[in-house]
Protein chains: 2
Amino acid sequence: MHKEHNLTKNQKIIFDLIDKSPQPLKAYSILYNVQKKGIKAPLQVYRALDKLVEIGKIHKIESRNAFIACHNSSCQVAKATAFSICEICEKVTEISSTGLSKYLANFKDKDGMKYSKYNLEFFGLCKKCTLK
Amino acid sequence: MHKEHNLTKNQKIIFDLIDKSPQPLKAYSILYNVQKKGIKAPLQVYRALDKLVEIGKIHKIESRNAFIACHNSSCQVAKATAFSICEICEKVTEISSTGLSKYLANFKDKDGMKYSKYNLEFFGLCKKCTLK
DNA sequence: TACATAGTGTTATATTATAACAATTAAAAA
DNA sequence: TTTTTAATTGTTATAATATAACACTATGTA
Ligand SMILES: [Zn+2]
Ligand SMILES: [Zn+2]
Ligand SMILES: [Zn+2]
Ligand SMILES: [Zn+2]
C-alpha cells in the first residue's frame, strides 16, 4: 500500500496524466500535454517526475525513458520493480509476483552481497501481438 | 562462449576501449577517447555500439546510459543480462549466477507468458563502499 | 513571528541519440 | 572473376532527453 503523499499542484497534474495513460509516457510528451495547465518548461516536468519516482507513485522504464504509474501494492516504494515490455506494441505491464520479488529481494551474489534495490525488465511479445 | 565475430575497424577500436575500462563508459566519453584514432562523430560511435550490443560483446547499462564489455560466458548474446551497481562509486559488475539466470529464463507471469529476453539491475553498495 | 524546507518559474545549456545522404568496403552469388 | 547485394563508413545537421543556476513563493514548525 502506498503511504498517502500530499502531492503539490504540478505533481498532481503530472501524476494524473500518467495514471490515466494506458502506456508509459515520455517526459516531453507529458510536457506537451500539460502546457494548457500552465506547466511550460521541461524542468517543471522533470522535477515532478523525480519526486513521484522517489515516493513510488510512478516508475521509470529505463530502457524506454518513459514513466508509468505504479499499480502494484507490493512494490516497496520504487525499491523493487519488475516490468514486462512488448517489443512490438510497446505495452508495458508491472509484474507483481510474490515469488519473483521474494527471490530477487533475497538474491545474494557470489560474494554473499545483498542488494537494497533492483529493477527488472522482461522483453517479449504480449498476448495480442503473439496472435498476429 | 561468444561466437567469433570479425569486428570492423571502428567496432574494434571501440570494443577495445570498453573492454579495457574498469567501469562502464558513456558514448560521448568513448567519442573523446577515440578521436585520435579518426572517429570523429557521435554516429560512428553509436553505430559501433549498436552492433557490439547486438552481437553480445558489450551490454548497455540502461539506468546509466553506459556500456560495459561482457565478461560472462553464460549470458546468451544480450538476451539475459544482470548487473550489480554501486550507488556510491558507480562500480558495475556483471552477475553470472546459474541459479538466477535459470530462474529468470523460466519465469512466467500470471498469464503464463514467458519472455525471450530480460535485463536486471541490482543497486546497493559494493564491498569497498560498505566499509567506509 | 522567524526560520527552515520544499516547491515553483524561468532561461540557458548539457547530454544522449538519430535522420538523411553520399561514398566505400566486404561478402556472396552468378 | 565479375556482378550485385549488404554492411559499414564519413559527414552534417538536428532531435530527444535531462540538468544547472538563480530568483522567488508556499508550507510547515519552533
Ligand atoms: Zn510499482
Ligand atoms: Zn504487443
Ligand atoms: Zn554478458
Ligand atoms: Zn562502491
Side-chain angles (χ1 to χ4, degrees), chain A residues 3-18 21 23-68 77-78 85 90 92 119 121, chain B residues 3-18 21 23-68 77-78 85 90 92 119 121:
Chain A
K3 193 154 158 282
E4 260 320 302
H5 284 273
N6 298 320
L7 302 183
T8 64
K9 185 174 124 266
N10 288 2
Q11 289 161 12
K12 189 157 178 9
I13 291 169
I14 286 169
F15 174 72
D16 286 345
L17 182 69
I18 297 173
S21 168
Q23 72 276 111
L25 296 178
K26 311 196 121 207
Y28 277 74
S29 137
I30 292 169
L31 177 58
Y32 299 137
N33 276 285
V34 296
Q35 281 183 326
K36 51 194 168 238
K37 305 219 171 181
I39 294 176
K40 288 173 188 155
L43 245 197
Q44 296 174 288
V45 173
Y46 279 104
R47 286 197 284 225
L49 289 173
D50 285 351
K51 189 66 186 184
L52 291 167
V53 165
E54 184 193 326
I55 65 182
K57 300 278 287 181
I58 66 172
H59 302 302
K60 182 173 187 182
I61 310 300
E62 293 287 355
S63 65
R64 299 298 186 260
N65 299 316
F67 300 86
I68 192 173
V77 182
I85 302 172
E90 292 291 323
V92 173
N119 178 58
E121 298 181 5
Chain B
K3 192 153 160 285
E4 260 319 303
H5 284 272
N6 297 319
L7 301 183
T8 63
K9 184 173 125 266
N10 288 2
Q11 289 162 12
K12 191 158 177 7
I13 290 170
I14 286 169
F15 174 72
D16 286 346
L17 182 71
I18 297 172
S21 168
Q23 73 275 110
L25 297 177
K26 311 195 122 207
Y28 277 73
S29 137
I30 292 169
L31 177 58
Y32 300 136
N33 277 286
V34 297
Q35 281 182 327
K36 51 195 168 238
K37 305 218 170 181
I39 294 177
K40 286 171 191 159
L43 245 196
Q44 297 174 289
V45 173
Y46 279 104
R47 285 197 283 226
L49 290 173
D50 285 351
K51 189 69 185 182
L52 291 168
V53 166
E54 185 193 324
I55 64 182
K57 300 280 287 181
I58 66 173
H59 302 302
K60 181 172 186 182
I61 310 300
E62 292 287 354
S63 65
R64 299 300 187 258
N65 298 317
F67 299 85
I68 192 174
V77 181
I85 303 172
E90 292 291 324
V92 173
N119 178 58
E121 297 180 6

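Just so it is clear: chains get the letters A, B, ... in the order the sequence lines come, proteins before strands, and each one is counted from 1. Everything numeric in this text was worked out from a predicted model, so none of it was measured.
Between B:N10 and D:dT8 there is no side-chain polar atom (N or O) within less than 4.0 angstrom of OP1 or OP2. Look at A:K60 and you'll find a side-chain N or O under 4.0 angstrom from OP1 or OP2 of D:dA18. OP1 or OP2 of C:dA6 has not a single side-chain nitrogen or oxygen of A:T8 nearer than 4.0 Å. Between B:N65 and C:dA17 there is a side-chain polar atom (N or O) within less than 4.0 angstrom of OP1 or OP2. OP1 and OP2 of D:dT8 both lie 4.0 Å or more from every side-chain N or O belonging to B:K9.
With hydrogens and angles left out, the side chain of B:Y28 and the base of C:dA14 share no donor-acceptor pair within 3.5 Å.
In this structure, A:E62 places its CD atom 12 Å from C1' of D:dT17, rounding to the nearest Å. Atom P of nucleotide D:dA26 and atom CZ of A:R47 are separated by 15 Å, given to the nearest angstrom. Rounded to whole Å, the distance from NZ on A:K40 to P on C:dT11 is 9 Å. Summarising the geometry, the separation between NZ on A:K12 and P on C:dA6 is reported as 22 Å, rounded to the nearest angstrom. Regarding B:D50, its CG atom lies at a distance of 11 Å from the P atom of C:dA19, rounded to whole Å. Rounded to an integer number of Å, the gap from CD of A:Q44 to P of D:dC24 is 17 Å. Between the C1' atom of D:dA18 and the CG atom of A:L49 lies a distance of 11 Å, rounded to the nearest Å. Rounded to whole Å, atom P of C:dT16 lies 12 Å from atom CG of B:L31.
The shortest non-hydrogen separation linking A:E62 to A:E121 is N-OE2, 2.9 Å.
Here the straight-line distance linking atom CG of B:L49 with atom CD of B:Q44 works out to 12.0 Å at 0.5 Å rounding. Once rounded to the nearest 0.5 Å, the distance linking NE2 of A:H59 with CG of A:N119 reads 9.0 Å. Here the CD1 atom belonging to A:I39 is positioned 4.0 Å from the CD1 atom belonging to A:I13, to the nearest 0.5 angstrom.
With distances taken from any side-chain atom of B:L43 to the nucleotides D:dA18, C:dG9, C:dT18, the minimum falls on C:dT18. The side chain of B:A41 sits closest to D:dT11 out of C:dG7, C:dG9, D:dT11.
Nearest-nucleotide positions on DNA chain C place A:P42 closer to the 5' end than the other of B:K26 and A:P42.
Considering A:I14, A:I18, A:L52 as possible partners of A:K57, the one that fulfils the side chain to side chain contact (heavy atoms under 4.5 Å, CB included) test is A:L52.
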